[in-house]
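Heads up, the thing below is written out as structure tokens.
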Amino acid sequence: MCGIIGFTGKLEAQEILLEGLEKLEYRGYDSAGIAYFKENGSISIRKTAGKVKDLRAICDENTATCGIGHTRWATHGGVTNANAHPHKCGNVALIHNGIIENYHELVATYDLEKDLISETDTEVAAALFNKFYDGENPIAAIQKVVPLLKGSFAFCIIFKNNPDMIYAVRNVSPMVAATCKDGSFIASDLTAFIQYSKKYFIVPEYAILTMSKEGISLQELDGTPIEPEFLEVNWDITAAQKDGYPTFMLKEINEQPAAITRTIAPRIHNGLPDFSADNIPESLFENCHDITIIACGTAMYAGMVGKTLIQDFLGIPVTVAIASEFRYEKPVITEDSLVIVVSQSGETIDTLEALRLAKTKTAKTLAIVNVKGSSIARESNYVLYTHAGPEIAVASTKAYTVQTAAFYLIACKLGLVQNKLTKTEALEFIQNLQNVSDNIAEILKLSANIEELTKRMLNATDTFFIGRGLDYTLSMEGALKLKEISYIHAEAYAAGELKHGTIALISEGVPVIALATQGHVYSKVISNIREVKARGAYVILLSMEENVTDASICDVHIPLPKVPDQFAIFEAVVVLQMIAYYTSTGKGLNADQPRNLAKSVTVE
Ligand code: F6R
């Protein structure tokens, strides 16, 4: 949700900002802009509705060495040049990620209406900083303004008369910073500046960061100095590049075998799950009578797999909660409940707030998170990092499979700790999990066939994904993936539920993607498929049968490598991801940057 970057140092700033924005564009791509100090100390702004390439086209040549840049995902006010960031008011220019919830009150209380030309909450903040800025002391202005703001914010601010200095402050919305021989950097996430520094720190909430050419300083709002806590990433810039693939999404689909191995291998010792290096104690699993999994979107669908697996396999009751609902409910969890939050970014605001609420009820919170040091990882009692590497495409793929793999490790650990699995069963289970990467590699070889079959989907307006048990949980993810990047309406249904209403929507040629990998319900699903086939559906069937030639069942059959039923979802989901991907590209769409979306949803 909005990408921000700032640089001050020895190098020319404009290219650093533009390249950084290109890397942050997955966070929002409605409009983009930069502000920099000119040689005479005045502030220059370039901004436009559109993408970073449109911004690049309107930038002039300059040698400025200090500036800030923004790529927007619109919340308040439409996609217009005026609403693009940076916003300048008097002696202040700033960029913002977040939402200032009390901006109407601020306008009225501080008589700011006359200063505003856009429809954004951000410009109100710029006007407020300007009002409290005496022309000399930015810190004093920040100290006065920040307590007045309600909502989430990450601001980078430049003040006239303080050339080459950037000031930053945040609440909730993420911001990381680094300092190195070339200068000081700040951004929403470190992909924006990782080629300059692999060491970075998370800007603490409500701290004021001052960036100058010489380095950075950090202080509490009251002026007390703070030492930044530096972290180091274990991936480099190549992980955040397309590496020869036409899109990040295709690259990330293909990275799944390696990502799964990276995630599970360090947690397997002597063939059994072991979380000791993660500092996750066995006691977390010993007394847990029930589990609540909380997440949003694809991460929640990974949680649905976790639920079905753990409940069916171990008989432990599991609830999956949509984070945006959970955070406003009265949760029925006790101190013995295990709460698992799942998030690729670790910054999704609803998941973070849901975690905070859960922590008021139980100290057994475990986060499955991809981004190291992110808010959810920091605030959870325990964290199990997935090692997908940076996920840049807006539609999540590799993050989902590694989250799912993490649930398989957790299920096995729970089973062992609670004596619901024998050591022999656990060893076999983990062996099957270790085979998943190779099986996915086989599936990836089908890409040309899948691309071919999606030609049939390009003109579809409605599609259905059906399955039972684990296949049903997967159907939800398959449907979400298709709709978000191809804009084709897709619905997931438990196969047996269709005849209770939805089957009325099946007519000649409507694509139905049917999953039939679960042996105990195989014949039931096949009956349900026959029901839709009889009404004219165009059925694409995924199953572990070598051959399905019966035309009364399907039009196209995609055979998956034979594995134990519990593990078939890993292969099947990759097929679903490719169906979505090739349908999107077949329609000429940008799969990496679907309309209206942005990665990392840090606003409600
Ligand atoms: C869909 C997708 C989203 C995210 C959701 C949660 O492809 O990516 O549904 O899964 O916004 O994001 P994280 O995992 O960062 O909390």
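Computed from heavy atoms alone, side chains included, the values below leave out hydrogens, waters and symmetry copies. Counting starts at 1 for both ligands and their atoms, following the listed order.
A salt bridge does not link Lys398 to Glu391: none of the charged nitrogens lies less than 4.0 Å from a carboxylate oxygen.
In this view, Tyr206 and Asn171 satisfy the side-chain hydrogen bond (donor to acceptor under 3.5 Å, both in side chains) rule, not counting sequence neighbours. For Glu252, the salt bridge (charged side-chain N to carboxylate O under 4.0 Å, His left out) criterion is met by no residue, not counting sequence neighbours.
Atoms of ligand 1 lying under 4.0 Å from at least one heavy atom of Gln344, given by number and element, are 13 (P), 14 (O), 15 (O), 16 (O). Near Glu484, meaning under 4.0 Å from one of its heavy atoms, ligand 1 places the atoms 1 (C), 7 (O). Those atoms of ligand 1 with a heavy atom of Lys481 less than 4.0 angstrom away are 1 (C), 7 (O). Every atom of ligand 1 is numbered from 1 in the order shown, and the set under 4.0 Å from a heavy atom of Ala299 is 10 (O), 14 (O). For ligand 1, the atoms closer than 4.0 angstrom to any heavy atom of Ser345 are 13 (P), 15 (O), 16 (O). Close approach of ligand 1 to Val394 (heavy-atom distance below 4.0 Å) involves ligand atoms 8 (O).
Tyr472 and Thr308 form no side-chain donor-acceptor contact under 3.5 Å, judged by distance and modelled atom types alone. Side-chain contact check for Ser396 and Gln344: no donor-acceptor pair (N or O, by modelled atom type) lies under 3.5 Å. Residues Thr298 and Lys481 bring a donor and an acceptor atom of their side chains to less than 3.5 Å of each other.
Ring planes of Phe464 and His489: perpendicular class, angle over 60° (limits at 30 and 60°).
Atom CG of Leu446 is surrounded by more than 12 heavy atoms from other residues, nucleotides or ligands within 6.0 Å.
Among protein heavy atoms, atom 13 (P) of ligand 1 sits closest to Thr348 OG1, 3.2 Å. Protein heavy atom nearest atom 5 (C) of ligand 1, with residue, atom name and distance: Cys296 O, 3.6 Å. Scanning the protein heavy atoms around atom 11 (O) of ligand 1, the nearest turns out to be Val601 CG2, 4.1 Å. In this structure, the protein non-hydrogen atom closest to atom 3 (C) of ligand 1 is Thr298 N, 3.9 Å.
For a threshold of 3.5 Å applied to N or O pairs, the pair formed by Thr351 and ligand 1 contains no separation below that value. Considering both main-chain and side-chain atoms, Gln403 never comes within under 3.5 Å of ligand 1 through any nitrogen or oxygen pair.
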